[in-house]
Amino acid sequence: MTEAEIRTLASAAAREAVKEVFSLMRVDPTDIDSVNGFSDDLRYLRRQREAAEKISFKAVAAIFTTAATGAAALVWLGVQDFFTR
């Protein structure tokens, strides 16, 4: 096989693989609206994932802050009780 034949065969195999993958995801690669819709869906999912990561970080920070405030309040109440006896 010549290099040109190998390139042609590889290109055809790649096109077929892409068609099969898109077909499994129910996207018609020949329809630009279908591809754009799929791309929009992926962008939306990325924004959702990033938002969920931010929310989970803020939730952990809020829980830690609450626990630290509670611990500080307990220490303060203990100190007050120690000195008022």
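All values derive from a computational prediction rather than experimental measurement.
Rounded to the nearest 0.5 Å, atoms OG1 (Thr69) and CG (Leu74) are 11.0 Å apart. One distance of note links OG1 of Thr8 with CD of Glu3; it measures 10.5 Å at 0.5 Å rounding. Taken from NZ in Lys54 to CZ in Arg49, the straight-line distance is 11.0 Å, to the nearest 0.5 Å. We find the CE-CG distance between Met25 and Leu42 to be 8.0 Å, quoted to the nearest 0.5 Å.
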List, one per line, each side-chain donor-acceptor pair under 3.5 Å for residues 77-84, sequence neighbours excluded.
unit_1: Asp81; atom_1: OD2; unit_2: Arg85; atom_2: NE; d: 3.2
unit_1: Asp81; atom_1: OD2; unit_2: Arg85; atom_2: NH2; d: 3.0
unit_1: Thr84; atom_1: OG1; unit_2: Gln80; atom_2: O; d: 3.0
unit_1: Thr84; atom_1: OG1; unit_2: Asp81; atom_2: O; d: 3.3

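Judged purely by atom type and a 3.5 angstrom limit, Ser56 uses its side chain to pair as donor or acceptor with the backbone of Ala52. The closest donor-acceptor contact from the side chain of Ser39 to the backbone of Val35 lies at 3.5 Å or more, if one exists at all.
With hydrophobic clusters built from ILVMFWY side chains whose heavy atoms lie under 4.5 angstrom apart, Val60 does not share a cluster with Phe57.
Residues Arg7 and Ser11 form no side-chain contact, since every pair of their non-hydrogen atoms from C-beta on lies 4.5 Å or further apart.
Checked options Arg43, Glu50, Gln48; the residue passing with Arg46 is Glu50 (criterion: side chain to side chain contact (heavy atoms under 4.5 Å, CB included)).
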